[in-house]
2 protein chains.
Amino acid sequence: MEHSTPRGPVPEVALDRSSPVPLYFQVASRLQQLIESGVMPVGGRLENEVELADRLAVSRPTIRRAVQYLVERGVLVRKRGAGTQIVHPKVRRPVELSSLYDDLTKSGQKPHTEIRTLHVGAPADHVAEALGLGEDAEVTWIERLRFADGEPLAIMHNAVPVDVLPLRREDLEERGLYELLRAAGYAPRMANQVVGARVATSAEARLLDDVRGAPLLTMTRTAWDAGGRAVEYGSHIYRASRYSLELTLST
Amino acid sequence: MEHSTPRGPVPEVALDRSSPVPLYFQVASRLQQLIESGVMPVGGRLENEVELADRLAVSRPTIRRAVQYLVERGVLVRKRGAGTQIVHPKVRRPVELSSLYDDLTKSGQKPHTEIRTLHVGAPADHVAEALGLGEDAEVTWIERLRFADGEPLAIMHNAVPVDVLPLRREDLEERGLYELLRAAGYAPRMANQVVGARVATSAEARLLDDVRGAPLLTMTRTAWDAGGRAVEYGSHIYRASRYSLELTLST
DNA sequence: GTCAACACTTTGTCCTGACATAGCTGCAAT
DNA sequence: ATTGCAGCTATGTCAGGACAAAGTGTTGAC
């Protein structure tokens, strides 16, 4: 008898064996699509792997790999002996490491950047240490003022090793730093951030068009690419009244 | 001829086939150990998978799975046609979702908690929405004051659904909330956090033994377990002069 | 000397087959 | 009625083989 959670049927799944897209990925994408469209209900159980492999005419390892992929992204949970279930859609993987520029663009605001300084040279000690650079290494050091919809939002100091990316003023005015890094093949994959708060000095207040003593959100970050190469150091200050950090963390 | 990066020899690796620990995991652990102890140099190349499988007398899928595991944790990088390399140790996996209590304990401080209120009832609207709860759901609502080395550090408001965990005063005084959740089998696996800053009101300043206008770090968070069940909502306030958030993010 | 074609190395994908083990369910013995 | 055992179901682990495709380096033609 069947009085447990409903078992999804996984309707018509078409696979293209001549496609360069791997089979396991085709299966995973199709499954995710079915889940997100609501055809397969949240909390419902998947068919077991053997049946699924049978019906889709692929081997069990291929099915397992597809399911594995979705488990890692938090879409499915497996329990040995019990089956595979669809997880509540609220729990999804953090999308990607984002920068302020990305965040603003995504939320529909129009960011605008003023480059206050940009020069190449040996990094300060704490920067060199954060990036793990040697004695003779050089970085591009920049100070930027970031506006959203015309209002000043953040003072940003950044360092990028010159052999990672030669930064140019005109690029930075039109694009975010992370976008430039990605385009150069040094997409940040991991970052360490320290977030704190303090009140504005009068110099900072003047730049940010705010008052002395206004609350500020501070963030310092070091980012690495997939190869473990340090690609960016940043020390940012945000007007707390106009910006807050949104983060998704996962184990 | 061999004038590329040195190829690690992977010295004497002993596997126990009678152990309940899976072979691929034994291999992965051993490799990680060799890497972290410095026997296999950072940046160095691994033997290719076929040779490795041969020498360790396991199949290639097993080796692949072990390497895969370390790739996911950021210890290795693979490139088709090129080989597998050891990544700089700075780039490692975020350990686990931690709470303030965990953080303090780990950094050698002695946390101490004062429970100011604890009652069960229907959640406020914004809390119910954050947790995705229905009309008739009940939560335990707590307000705590957290001290480190005798000094007040944070005001913490939390809500936990009663059917997840019945919270008791005496437990909370001695343990962190996350520790209790983990013990009950609802280990947080994913969380959404919003971090901001503002200045203290006089009431907050009094509680935190600080002055009005002192900078505060604010954090609101919703956490889910592996099954996608919302297990905790929190709204915390930290003294910025005594605490900052440290985060590791990854793609 | 430069550049394109080629061979070689190495990881990526996919298959078949087998056995182990955790979780569940129902039946039987107590 | 409760406990414990047996059997079923489903995922977990592992082997061995085959071919595809990307990256690297070498060779040869111009």
Side-chain angles (χ1 to χ4, degrees), chain A residues 1-8 10 15-29 31 44-72 75-87 185 226-227, chain B residues 1-8 10 15-29 31 44-72 75-87 185 226-227:
Chain A
M1 208 187 292
E2 182 75 60
H3 41 55
S4 59
T5 35
R7 189 182 300 221
V10 193
L15 300 178
D16 179 4
R17 292 189 101 88
S18 66
S19 161
V21 178
L23 272 180
Y24 79 90
F25 193 79
Q26 290 186 44
V27 175
S29 306
L31 282 177
R45 269 174 65 202
L46 240 66
E47 260 179 305
N48 75 56
E49 296 173 349
V50 184
E51 276 178 35
L52 221 88
D54 227 40
R55 277 206 316 101
L56 302 194
V58 296
S59 71
R60 194 177 151 222
T62 302
I63 290 290
R64 272 185 74 72
R65 190 153 176 198
V67 172
Q68 176 71 30
Y69 178 80
L70 294 177
V71 166
E72 270 159 19
V75 178
L76 298 174
V77 258
R78 295 201 266 208
K79 277 207 213 80
R80 165 173 357 187
T84 305
Q85 276 194 331
I86 299 166
V87 169
Chain B
M1 211 184 292
E2 182 74 63
H3 41 54
S4 58
T5 36
R7 189 182 299 221
V10 193
L15 300 178
D16 179 3
R17 293 189 101 90
S18 66
S19 160
V21 178
L23 273 179
Y24 78 90
F25 193 79
Q26 290 185 44
V27 175
S29 306
L31 282 177
R45 269 174 66 203
L46 242 64
E47 261 179 306
N48 76 57
E49 295 172 350
V50 185
E51 275 179 36
L52 247 166
D54 227 40
R55 276 209 313 103
L56 302 194
V58 296
S59 69
R60 192 176 155 221
T62 302
I63 290 290
R64 272 186 73 75
R65 189 154 177 197
V67 172
Q68 177 71 30
Y69 178 79
L70 294 178
V71 166
E72 271 159 19
V75 179
L76 298 174
V77 258
R78 294 202 266 210
K79 275 209 214 76
R80 165 174 356 186
T84 305
Q85 276 195 329
I86 298 166
V87 171

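Note that the structure is a prediction, hence the values are computed from the model and not measured. First the proteins, then the strands, lettered A, B, ... as listed; each starts at 1. Worth knowing before you read on, the calculation uses all heavy atoms, side chains too, and leaves out hydrogens, waters and symmetry mates.
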Asks: Of the nucleotides D:dT11, C:dG12, C:dC14, which has the atom closest to the B:R64 side chain?
Replies: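 Closest nucleotide among those given: C:dG12.
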Asks: OP1 or OP2 of C:dT11 less than 4.0 angstrom from a side-chain nitrogen or oxygen of B:T84, does that happen here?
Replies: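 True: B:T84 side-chain N/O within range (under 4.0 Å) of C:dT11 OP1/OP2.
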Asks: For A:T62 and for B:P20, locate the closest nucleotide of DNA chain C by heavy-atom distance; then report the residue assigned to the nucleotide nearer the 5' terminus.
Replies: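 Per heavy-atom nearest nucleotide, the more 5' residue is A:T62.
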Asks: Any side-chain N or O of A:R17 below 4.0 angstrom from OP1/OP2 of C:dC15?
Replies: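 A:R17 to C:dC15 OP1/OP2: side-chain N or O found under 4.0 Å.
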Asks: Does D:dG7 have a Watson-Crick or wobble partner in any strand here, with both distances under 3.5 angstrom, and which is it?
Replies: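 Paired with no nucleotide.
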Asks: Give a yes or no on whether a donor-acceptor pair under 3.5 Å exists between the nucleobase atoms of C:dG17, that is its base, and the side chain of A:R60.
Replies: no
Asks: Check every strand shown and say whether A:P61 touches a base, only sugar-phosphate, or nothing at a heavy-atom separation below 4.0 Å.
Replies: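 Base, at least one base heavy atom under 4.0 Å.
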Asks: Consider the side chain of A:S59, meaning its heavy atoms from C-beta on, and name the nucleotide among C:dC14, D:dA10, D:dC14 that approaches it most closely.
Replies: C:dC14
Asks: Could a donor-acceptor pair under 3.5 angstrom be found where the side chain of A:R65 meets the base of C:dG12?
Replies: no
Asks: If pairing requires Watson-Crick or G-U wobble contacts with both distances under 3.5 Å, which nucleotide is the partner of C:dT30?
Replies: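 Pairing partner: D:dA1.
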Asks: Roughly how many Å is it from CD in A:E51 to C1' in D:dT11, rounded to a whole number?
Replies: 14 Å
Asks: Would C:dC8 be called syn or anti here, given the cut-off of 90° from 0?
Replies: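 Chi for C:dC8 falls in the anti range.
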